[in-house]
Number of protein chains: 2
Amino acid sequence: MAIEETRWLSGEEQQAWFALAGMVSWLPDVLDAQLQREAGITHFEYSVMAMLSMSPERTMRMSEVGALANGALPRLSRTVDRLEKRGWVTRRPDPQDGRATLAVLTDAGWDKVVATAPGHVAEVRRVVFDPLTKTQVRQLHEIATRIRRVVHPDGCPPTLPEPSAP
Amino acid sequence: MAIEETRWLSGEEQQAWFALAGMVSWLPDVLDAQLQREAGITHFEYSVMAMLSMSPERTMRMSEVGALANGALPRLSRTVDRLEKRGWVTRRPDPQDGRATLAVLTDAGWDKVVATAPGHVAEVRRVVFDPLTKTQVRQLHEIATRIRRVVHPDGCPPTLPEPSAP
DNA sequence: GAGCTTTACTTGCGTCGTCAAGTATTTGTC
DNA sequence: GACAAATACTTGACGACGCAAGTAAAGCTC
């Protein structure tokens, strides 16, 4: 809200913005819908379990999970409540730091991820990768990285934790 | 969930997907935050009013607004409730078709859009266009269009309604 | 080592969004 | 023209999310 003259979007920018806004609105809905239909979980719940499944010991601090799954702490806390009730995750205090809570994926949780991953990956492929060329995938990677750096500066490390599974 | 072998994501695809997921999660939050801070409205509320402001007569059918603002009907209905309470929008029955409802932007609503647009556009510029090159904007346009076609097939027309304002 | 600050969650409360069901109007169909 | 089906919303019930406040452990300072 500076006093400067507003730089309105050009025609090209408007169209790009409109396309982006549409994608950003609907993509999460589609992913949620598939997971809800075939696994009875939300995309965020899946992300939480998937991140845990990729961690050594299937264990991570709440805040780490949150960062990787793109969710703030209150949201994560309630989500882990639900996952705990369903027997897929358990909490235990971090022996290293009494303030921290560790989330642990149970065997049942592991099985749930393994059962759910193929359908989810297929959906991601269908809506994101199949419509794009290999070149566009690289372009998207760069573009999304740049935007994400601005919208969420304290983003996650460039390398994911040991992928020991799906 | 076919019986076919799962085609897991390649390393490149995983990274691109991770970057995209981050962007898709945080971008809406950042835009909502700016509008909430500076105008006390959500991004969806702004979109609804902005679409109306660009329409001739500042009037549109609910379902049209919903399509342009990327929201389903129940959401739109409640959003217009709120905007109506704040005096920015009014409803009236469509004389052409008694089932339809027309949403009309009031003068106060128009003023609100005019007052809010500069700050919002600046934020969109800051998080989307400033970090990208002109080439990347074109690439993003094409990529987002392709993905949106899959996630929301009954998308909106390629051309926006007469932009008679912001 | 007492006390203030910071960090890492958790939770109460209010709002928002979605699903399913309900209402009103229009559009065939016979 | 009467009745079923479709369309265009609206609404009741309910779950999820975010903000701000609360709790508990660590860390720092003197």
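Throughout, protein chains are lettered first and strands after them, A, B, ... in sequence-line order, and every chain is numbered starting at 1. Only a predicted model underlies this, so the values are computations on that prediction, with no experimental measurement involved.
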So, Ser55(A) versus Arg58(A): side-chain donor-acceptor pair below 3.5 Å or not? no

Applying a strict under-4.5 Å side-chain criterion to I, L, V, M, F, W and Y, I'd like to know whether Leu68(A) and Leu102(A) cluster together. no

Do the charged groups of Arg146(B) and Glu142(B) touch, with an N to O distance under 4.0 Å? yes

I'd like to compare against my own output: the B/S/- annotation of nucleotides 13-20 of chain C with a strict under-4.0 Å heavy-atom distance to protein. B--SSBB-

First contact, last contact: which nucleotides of DNA chain D are these for chain A, 5' to 3', heavy-atom distance under 4.0 Å? dA16(D) to dA26(D)

Would you mind reading off the distance between Glu64(A) atom CD and dT7(C) atom P, rounded to a whole angstrom? 17 Å

Counting only N and O atoms by type, is there a donor-acceptor contact under 3.5 Å from the side chain of Glu38(B) to the main-chain atoms of Gly119(B)? no

Could you check how far CG of Asp94(A) sits from P of dT7(C), rounded to whole Å? 17 Å

Looking for any heavy atom pair under 4.0 Å, which part of the strands does Asp97(B) touch: base, sugar-phosphate only, or nothing? sugar-phosphate

Measure the acute angle between the ring planes of His43(A) and His120(A), then classify it against the limits of 30° and 60° as parallel, tilted or perpendicular. tilted

Which comes earlier along DNA chain D counting from the 5' end, the contact point of Arg99(B) or that of Pro95(A), where each point is its nearest nucleotide? Arg99(B)

Got a second to check how far Arg92(B)'s CZ is from Thr101(B)'s OG1, nearest 0.5 Å? 11.0 Å

Would you give the length of the straight line joining atom CD1 of Ile41(B) to atom CZ of Arg86(B), rounded to the nearest 0.5 angstrom? 7.5 Å

Enumerate donor-acceptor pairs with a distance under 3.5 Å from any side-chain N or O in residues 122-129 of chain B to protein atoms, sequence neighbours excluded.
unit_1    : atom_1 : unit_2    : atom_2 : d
Glu123(B) : OE1    : Arg126(B) : NE     : 3.2
Glu123(B) : OE2    : Arg126(B) : NH2    : 3.0
Arg125(B) : NE     : Arg7(A)   : O      : 3.0
Arg125(B) : NH1    : Glu13(A)  : OE2    : 3.3
Arg125(B) : NH2    : Arg7(A)   : O      : 3.4
Arg125(B) : NH2    : Trp8(A)   : O      : 2.9
Arg125(B) : NH2    : Glu13(A)  : OE1    : 3.0

OP1, OP2 of dT7(C) versus side-chain N and O of Ser63(A): anything below 4.0 Å? no

